Peer 1: 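Mind looking over this structure? Questions follow.
In listed order, ligands and their atoms are each counted from 1. Source: prediction; values computed, not measured.
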Amino acid sequence: MTTCTPGVTQPLLRVMTNLVFALQLAAVASAPISHIHYEVTADSANVADRTLGVVTTFDVDGSGQVMLALPGWTPGAYEMSWFARWVHDFTVTTADGRPLTWDKADYQTWRIEAAGAKSIKVSFRYEADTLDNAMAWTGHDFVLFNGTNLFLYPVGRDVTSPTVTVHTHAGWRVATGMAAAAAPGSYGAPNYHDLVDMPFFVGRFDIDSVRTVDRWVRLATYPVGIVAGARRQAALSAIAKVIPPESAVFHDTPWSSYTVLEIADSSFGGASGLEHQNSHVDIITAQGLESDFIPSLYAHEIFHSWNVKRLRPAEMVPYKYDAPEPTPWLWVSEGITDYYADLAEVRGGVVGDSGFYDLTAGKIDQVAAAPTSALTDASLTTWIHPTDGSEYVYYPKGSLAGLMIDVIIRDASDNRRSLDDVMRELYETTYKKGRGFTAADWWGAVSRAAGGKSFDEFNRRYIDGREPFPWDTILPLAGLRLQADSVRELRLGVFSAPDSSGHVRVVNVEPGSSAAEAGVHSGDVLVSIGDVAVTDVNFGAHIRARYAAATPGTVIPVTVVRDGSTMTLSAPARFRTRVSAHIAVDPAASAKAKRVRSGMLKGTVGAAAS
Ligand SMILES: [Zn+2]
């Protein structure tokens with residue numbers, strides 16, 4: 001997953017749902033069932049009342065109670081959501097319509113008395129009203145759903161060859177990574193894990209494809225027309241450019257086709273992607289569709305189709321759906337995925353070398369601004385959404401750890417080996433052998449790539465420990481150096497997000513700030529600040545540029561709409577000095593350091609230098 005959120009999000013509800021996890025009862029295995037088939041009805045009547053019709057049919061192959069559960073989470077989104085919360089009108093009958101008795105065994109499990117029935121039909125409506133890539137949502141002519149939201153599983157039993165039929169209008173499309181089955185509108189998967197790893201778009205949306213690494217990659221975007229013309233060409237071009245360097249890391253492309261499922265909506269703050277085995281779902285604020293972050297989002301989510309969807313920490317193999325699966329390795333699964341997103345951009349030609357350095361420096365700034373936190377600790381604790389600012393630090397800090405390990409390996413091997421070798425070895429020796437990777441697998445592969453060098457101290461200080469990363473010794477090995485620039489900038493102290501109409505609304509005002517002194521309130525719609533119109537959430541950069549040279553105390557008019565009235569408030573200009581990282585090429589770099597740098601940027605090993 002990846003998330004870029006200007007402003008503030010409020011995940012309090014999810015934290016609450018997590019706390020009740022401890023109350024659930026021990027699960028009892030279901031009677032064996034087979035021929036499990038799901039029917040999802042998603043048409044204009046469904047979107048009008050924002051619910052989906054879900055019917056599950058199956059045969060009962062033994063005696064005892066049938067125990068059916070809905071997942072508590074969608075893999076990749078590391079939080080407990082409990083999809084049973086959105087189930088309405090749960091009904092159980094025999095195939096010929098005779099009602100059967102049921103009750104709840106815990107809050108996500110239904111216990112059914114089969115009473116000798118050979119075939120059972122379970123029906124419910126599912127409230128599809130949450131714009132979140134792990135969940136289900138309806139637009140006015142469109143539905144997104146994840147299998148984790150809708151598809152019941154028999155507790156403690158494998159599911160073999162489940163099938164899905166989607167009922168919708170003629171003229172409404174369906175896009176999913178799932179393979180089409182023989183019946184019209186039907187799809188199939190080998191097992192439950194694969195079934196719930198292939199989300200669906202149903203409705204009116206744009207779809208086309210681009211060819212890369214000898215595969216078709218589809219781009220499905222909703223609403224119709226939002227990613228069109230030059231914007232669409234840029235998206236397809238970025239997708240086609242970032243995939244070849246990613247495939248080259250593993251010498252393998254593990255999907256026959258890939259589908260990018262993208263929703264743009266002005267009510268969504270920032271951008272978020274959620275990975276799957278041969279697709280991913282992006283939700284992006286409509287104002288952010290041309291942001292530089294978009295190619296990075298594609299590169300990150302697509303790299304996940306190798307790293308985490310296939311090569312995965314042992315703690316998450318297999319996925320279990322009724323409890324969290326905490327692991328100390330999200331810094332590899334997410335952070336190193338993000339390092340490879342940056343590498344895919346530079347190796348694929350989406351950004352130049354300086355663009356890669358800027359992305360890296362930005363991560364150094366992000367880590368500097370976050371509380372000091374060990375990568376292993378931040379990885380483990382994300383499930384409870386810590387509020388101290390460490391929640392997602394394993395993304396930028398894990399990415400930087402990946403860069404350090406890559407440079408150390410390239411330096412130790414005179415650029416004959418790299419982090420690519422580590423990723424490829426683990427992919428072959430763990431994922432392809434049907435298991436997850438352990439600490440011994442990871443550090444063993446890293447050490448082998450570096451010619452037997454021990455990483456025990458490195459791990460103790462920088463991964464499991466909290467020491468600052470030693471840029472002054474690492475970066476010169478790649479012919480680079482870190483500079484710290486002091487930047488004086490205006491700070492008003494407002495946090496904002498787009499509302500459902502696309503207006504930029506104040507979410508929070510920092511106590512004691514310039515905005516607080518001016519009387520800006522949470523809920524105000526920002527119209528203008530000084531002579532800069534506020535048209536999107538990126539207004540801060542324009543205002544900082546406009547007032548960079550202002551005298552402290554200068555009054556800046558802030559125009560807001562509050563309860564339908566427009567008012568202009570007076571904010572005194574206040575400044576803060578921020579230290580900003582900058583990575584520069586070292587003109588005195590040795591030939592070896594140049595080889596390391598070139599190898600990292602180009603994805604090559606060996607003696608060639610530029
Ligand atoms: Zn991710």
Peer 1: Considering non-hydrogen atoms only, spot the tightest contact between Phe83 and Thr148 and give its length.
Peer 2: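 Shortest heavy-atom contact: CD1-O, 3.3 Å.
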Peer 1: For this output row, return yes or no: ring centroids of Phe200 and Tyr187 closer than 6.0 angstrom.
Peer 2: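 Yes, they do, as the ring centres are separated by less than 6.0 Å.
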Peer 1: When the ring planes of Phe151 and Phe145 are compared, do they come out parallel, tilted or perpendicular, using 30° and 60° as the limits?
Peer 2: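 Correct class here is perpendicular.
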Peer 1: Ignoring hydrogens and angles, tell me if any N or O in the side chain of Asp441 forms a donor-acceptor pair with the backbone of Thr438 under 3.5 Å.
Peer 2: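 Pair found, side chain donor or acceptor close to backbone of Thr438.
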Peer 1: May I ask you to decide if the ring planes of Tyr321 and Tyr319 are parallel, tilted or perpendicular, using 30° and 60° as cut-offs?
Peer 2: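 Tyr321 and Tyr319: tilted rings.
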Peer 1: Under 6.0 Å between ring centres, would you say that holds for Trp329 and Phe437?
Peer 2: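 Yes, ring centres under 6.0 Å apart.
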Peer 1: Keeping to distances under 2.8 Å, can you name the protein N/O/S atoms close to the Zn ion (ligand 1)?
Peer 2: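 Listed by chain and number, the atoms are Met1 N, Met1 O, His300 NE2, His304 NE2, Glu334 OE1.
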